[in-house]
Each structure stands twice: as structure tokens, then as C-alpha cells.
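Working notes, structure below.
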Amino acid sequence: MEKIVVLDSGGQYCHLIARKVRELGVYAEIRPLGTRASRLRSCKGIIISGGPASVFEKSSPQPDPALFRTAAPILGICYGHQLMAQHLDGKVVPGRTREFGHAELTVQSKDSIFAGLHNHERIWMSHGDHVTALPPGFRTLGTTRDCGIAAMGDEARRYYGLQFHPEVTHTPRGVEILKNFLFQVCGCRGDWHPVDRVAQVEARIRRQVGARRVLFFLSGGVDSTVASTLTVRALGADRVHGIYVDTGFMRLGETREIRAGFPRLGFKDIEVFDARKRFFQALRGVTDPEAKRRIIGRLFVDIQDHILASRRYRSREWMLGQGTIYPDTIESGGTRDAALIKTHHNRVDRIQQLLAEKRVLEPLAQFYKDKVRELGRVISLPDEILRRHPFPGPGLAIRCICSDRPLSPEWDEAISAVAGAGGYGAFLLPLHSVGVQGDCRTYGKLTVLHGAPIRHAALEELTTRITNTFRHTNRVAVALRPRALDPARWSIRRATLTPRRIRLLQQVDDVVTRFLHEQFLYDLIWQCPVVLLPFSRQGGETVALRPISSVDGMTAEVVHIPPPQLSELADRLAEVEGIDAVLFDISNKPPSTIEWE
Ligand code: XMP
């Protein structure tokens, strides 16, 4: 099989590059930047990713010096472009400021990697340092107003450097450039197609498992469902056992659906482990979001550990099956959060031990999510499973906001002035809303706008202004029901995670999910967290809706549900007993994370 290696310089786009290459039908693998050049001999081409470091920093990540003597074609992107210039005797100068955003590329040579492009193309830049002199043998292939050598190439050696990012959607013709690199420069034919891979994956499962049996912890999510179903197909239902741990924080009716649904996929042996009491007990009185996550993660691992250590599974006759997908197996800048979250479950001590004993089966470890869905389609998994919105491990527990004391809305003159100019009233709720800037999490208050109908364009502008100007707020929501609120009469009360609150959240989450299906909105939305917060007039709760579109959860945009539909949904939610208000979260990520905490 043809292979492209993406050398990871620590950039957040490393996975994006590998995924784009795979989408073009060529298998791509991510390796650390310092990988020995001798280990890259079998690949058709090498891409060096961008990264946050400067080539002038002493500790900046460096490739094996022999890399630039390999015969394979190399494409350096951003930091990779600068490394190429530095190692091949060109000149890089430090930038005093970072150039960030759109630019226009003037294409100077329309052969090789720029074949088929127009004279001018929109591109996305994000860099500080830049190349000012070409290495010997190279010529300039493209320039921008601020960057004399935005693209360079040495056709004889097949080495290319791009100061911009062809892998992001903000470079609309970036895919053409990658395609040219793969098919014109590296001579790939494209032999990576998941449809052909089902048989290969099943053969690998049979080889790896031999005569043993496999235990899967199922969540009802796409990854574990596809992985375990492929295993049932490969080994037969008698040799695969599924356990579903019910934490109590799943969606309404989920446990029932798992019990009924898996036998329809060919499973014989499904067990539900009821841990609801243990989870609620462990979380009694806990209000801090991170403490909630830690407790849930640890308890889940303890239960898993306990089951794996039981007499039945201790025997070497058993392997543990996991739905681990490619990004989970790699420690890289862009997926550090996700990796951390998942290492909790997929790489804890006992699992490391099982890995060492070669007792872990991960049939999807080579695939990205989109391909996992395709595999699922090839093996005819029901559409409802494959289309399901992603659901976080800690479930509804992180969507049920708690507070250790009563809090009052806060008046902020400057924010109110900005909101007032847009026709809305405003106040702040002193919650610890989570935001994200660069690679760092931030905590800020929630701005609530109210008193006027939904006008998406105006609200989008207001939200950007508010979160860009005021550091103490990182999330903005607008009131749908009631449309105007008197902050003097509303407050956040002390609240913890209780079965009653989770039941209410399950109920409103179910109202929202049904509505999205009924109105054909479900497939337009990537994920729609429904959040419960103890903000009320008389002891009730507020629901916040957060429909977003995204590709991988790293960035997200609000989905502008048309106002009449939003209004109908708000009416239905306001009818639920115990619900006093409905908010619509109108913040993009960044600056606000998808989940509220
Ligand atoms: P954020 O809130 O970081 O979410 O913008 C990005 C994506 O990750 C999911 N998420 C989690 N998944 N455990 C998980 O398994 C967690 O603790 C967790 N926190 C967030 C979130 O639902 C979104 O898809």
C-alpha cells in the first residue's frame, strides 16, 4: 500500500493534513518530526507540518539532518517550509509580528504543485518568521503582498515549501495543491479506500485474536459500535461479549435502546452493568466542573478495572476490544484535549498492561471518524447509529450546571452599552463558562442578551464584539423564553447533580432531539448540547440550546436555526414542568468551547 508520512512539528493541523491526504485516497501516517530518515524509506512522500515554534528557538523541534538527503519528495508547510529553507542553506528571518488570516497568493509557476490553479488564489497564513532567500536549486513559485517567498520548489529533488496552509478550508484550492503533490510529484495512484478494507480489517481481527474471545465496553457511540460489529462479523457472536456501563448520565431511553439494538446487529451476549447509584453517590455535593469530570473518569476506570480483574476475564483466553480511532493513538498538539480525555479510558494502567500482553484489539486504530462511518455504512449499520451526534464520555453530567452558592446576575455598563446599540438588554451570569484561546482554556462569565427577537446576523456581530472586547465574558446567549427578563428577580440558586435534575435534563434533551429530527434539522447539526442551569425566578431551571456545526469538534460555528422554528422549540421546552426560561447560545468556538463546562 502507498504511504505518505506526515512529520508532526506540533501544529494543530497535523491530523487535518493526514485526513485530507486519506480523503484523496492515499494512506497517511503521522510520525514525530525527529523520526530517523532511514525509517521513512518505504514511503511515497513526506509532508512536514506547521507548528507553534520558531526555527530560532533553541528548543525548536528538529528533523533528522539526513531527512533532506532522502530520495522521497518532501512538502514543507509553514514551519516545515522554514525548516527546509534553514537546513538547505536558504535564509529565514524572525518575524516581529505574526501574520494571521487571509492573503492573496500570486502564482508564479503553474506546473507541478500549482498545476490547475488560477493566477491569484486565496490562501490562509499563520506565521511569524519567513523565508527571505531561496536555498540553492530552488525557485519561487508564489508570492503574497507581505511574503516574497510564499511558495518555493526544487523540481529536481522534488522538494517544495509553502508558507501558507493548504490543508485548511480557508485555502479554497488547497486540496488541489495536496492532490498535485500526491499524484504529480509523488506519483501515487491512490489505493486507500475503506470500502475495500472491511475484508482486510476482518482478516486482521481473526489473525490477531486467534482462538481467543473479545470483551467490548459499549457506549452506543459510532466507534465502539462499528469496532464491535466488525468483530462479531469476523469471529461470530459466540466469541464476542459486550458490556454497557450505565452511569445514569446517558440520554433518555439509551439503556433500553442498547439492550434492544445490539442483538439486532448480531450480538448474542450483551450485559448492562447498572452503576447509576455509584455515580450519583460519588458526585454528591460536587459542583466544580473539573472535579465532576475527574470523579466520573476515575469511577468509570475503576468499574472497568473491576470487571477486567474478575475471574471470567482474567483468563488469557480473553482480549479487550476497544473502538480507539487514529487520533486517539497519537499524542499531538491539536488533539491534546481529546487524547487526554480518551487516555482516561483507553490507556489506563490495566489497559497498558493488557497491551503489553498483546491482549488489546483495536480494529479502527488506523481510521479517522469519517472513514469509521463509511465502514459502518459498508457493513450496513443502521443510519440512526451512524448519523448520531457525538456524545461526551461524562454525558449529561457536564451539561447539568451546578453552583455551590446562590449568585445574582451582574450589571455591566460597558457590555450593556454595546448590547443596547444592537437593540438588546444585557446582564452577566457569574458562571465559570469555559472558553478556548489558542491552545489554552479560559474561564469567563456568561453574557445574556434579552428583550428583542432573534436576528441572527445582528446577534453574530454583537457576540463577536462582546467576546473580543471584554475579557471577563467568553460566551453569549440570547433569551428565547421569556424574551425579556428582569435580572433583579432572577438568580442562580445552589444546585448539585441530583437524579431529579438529570431526569429533567434527559426530558428536555429528548424534546430537542425529537424536534431536530421532526424538522429535518438533525443532519444539519454536528452536535447540540442541551444545558440545564439553576437560573430561575422561583426554584425552576433554565435550558440552554447549543446547536453547532463542526468537522471534528476543534472549532465550531453556531447553526442559525430559523427564528420561527426556534420559537416553536422554545415553546415546547417552556411547557415542560420545572422549566422557567430558554436560552440560545450564540457563541462560536473559539472563543467558547462546545460544552459549557
Ligand atoms: P469542547 O467543550 O472542548 O468539546 O469544545 C469538544 C468536543 O469534545 C467533547 N467533550 C468531551 N468528550 N469527555 C469526552 O469524551 C469529555 O470530558 C469531554 N468534554 C468535551 C464535546 O462533546 C465536543 O464534541
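Indexing begins at 1, ligand by ligand and atom by atom, following the structure's order.
- For the pair Arg546/Trp596, a side-chain contact is recorded, criterion being any heavy-atom separation below 4.5 Å from C-beta on.
- Close N/O approach between Pro394 and ligand 1 is not found [any backbone or side-chain N/O within under 3.5 Å].
- Contacts between Trp596 and ligand 1 below 4.0 angstrom, taking non-hydrogen atoms only, are absent altogether.
- With ligand atoms numbered from 1 in the order given, ligand 1 contributes 12 (N), 13 (N), 14 (C), 15 (O) to contacts under 4.0 Å with heavy atoms of Gly393.
- Checked against a 3.5 angstrom limit, the closest N/O atoms of Glu595 and ligand 1 fall inside it.
- Between Trp124 and His102, the ring centre distance stays below 6.0 Å.
- Every atom of ligand 1 with a heavy atom of Gly553 under 4.0 Å away is listed here by number and element: 6 (C).
- Remark: Arg31 does not engage Asp8 in a salt bridge, criterion side-chain N to carboxylate O under 4.0 Å.
- At a heavy-atom distance under 4.0 Å, atoms from both the backbone and the side chain of Pro392 approach ligand 1.
- Remark: ligand 1 atoms within the under-4.0 Å shell around heavy atoms of Lys589 are 1 (P), 3 (O), 5 (O), 6 (C).
- For Tyr326 and Tyr368, the distance between ring centers is under 6.0 angstrom.
- Side-chain contact, Ser587 with Thr463: no donor N or O sits under 3.5 Å from an acceptor N or O.
- Note on Asp510 versus Arg514: salt bridge recorded, some NZ/NE/NH1/NH2 to OD/OE distance being below 4.0 Å.
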Exercise. For Thr255 and Asp246, what are the C-alpha separation, side-chain angles and deciding distance, and is it a side chain to side chain donor-acceptor pair (under 3.5 Å)?
Worked result: CA-CA 7 Å; Thr255 306; Asp246 184 359; 3.2 Å; yes
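- Every atom of ligand 1 is numbered from 1 in the order shown, and the set under 4.0 Å from a heavy atom of Arg293 is 16 (C), 17 (O), 18 (C), 19 (N), 20 (C).
- The Trp526 neighbourhood of ligand 1 comprises atoms 24 (O), with distances under 4.0 Å to a heavy atom of that residue.
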